[in-house]
Amino acid sequence: MGAKKLETSAIKSENLRKEPLKLDLEIPENAIEYAPDIRQAGPLHVSGQAELIEEHGGPGGVIEDIRLRAKFGGRFELLCARCLEPSERDLKGEFDLIFRPSSADVRTGEHAISEAETEIGYYEESGLVLEDVVREQVLLSLPDRLLCKPDCKGLCPQCGQNLNETSCHCDNTRTDPRWNALKDLAESIGQPKE
Ligand SMILES: [Zn+2]
Ligand SMILES: [Zn+2]
């Protein structure tokens with residue numbers, strides 16, 4: 001098999017005309033900026049392949065789409081949704097995406113690939129930037145609400161202390177306005193106070 005190692009992170013259609021490009025690489029820590037609450041905590045392994053798919057988009061027009069299929073896996077540091085402390089997790093995922101040249105978008109015609117079958121993205125003339133694709137896929141793979149541990153106690157809403165590490169003396173039941181409203185209601189209808 002003519003497996004080639006990826007030399008640059010931009011995948012160009014002309015490099016795929018002869019054969020698909022095998023991907024097997026490690027993206028180092030800090031190479032990709034994800035979001036304020038997530039960072040890579042070690043190399044991210046990406047393996048798969050990029051291949052060319054020709055779409056015949058009308059008289060004489062051939063659109064060179066890039067199909068990128070790959071898996072990724074690595075260790076990440078995410079912030080706990082309750083106490084906001086960093087917590088490490090392994091994230092992995094796989095994707096199968098089609099990218100059309102951005103210049104081809106204005107043309108209409110028969111598409112070899114139906115939009116329903118797969119997600120379609122776009123690539124610039126300078127090539128498809130692998131890191132951009134990986135970044136988006138990693139963000140999509142994030143859990144909705146990550147907790148450092150299932151019973152994380154979170155932060156005190158008044159003094160902001162991490163209640164996993166320390167206990168404070170704030171009375172958090174009294175300041176919840178919904179709770180006060182209920183108490184007022186109970187008093188106004190003559191219920192005894194607790
Ligand atoms: Zn936590
Ligand atoms: Zn407190």
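Counting convention: from 1, in listed order, for ligands and their atoms alike.
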Of Leu91, Val133, Ile27, which is the lone residue that meets side-chain contact (heavy atoms from CB on, under 4.5 Å) with Val138?
Leu91

At the Zn ion (ligand 1), SG of Cys152 and SG of Cys80 open up to roughly (10° bins) 110°

Test item: Arg82 side-chain N/O and Cys152 main-chain N/O as donor-acceptor pair under 3.5 Å
yes

Is the Zn ion (ligand 2) under 2.8 Å from any N, O or S atom of His169?
no

State whether the side chain of Arg69 and the backbone N or O of Asp96 hold a donor-acceptor pair below 3.5 Å, judged by distance alone.
no

Indicate yes or no for a side-chain donor-acceptor contact from Asn164 to the backbone of Lys153 under 3.5 Å, with no hydrogens or angles considered.
yes

Which value, rounded to 10°, describes the SG(Cys83)-the Zn ion (ligand 1)-SG(Cys148) angle?
110°

With the Zn ion (ligand 2) at the centre, find the angle made by SG from Cys159 and SG from Cys170, to 10°.
120°

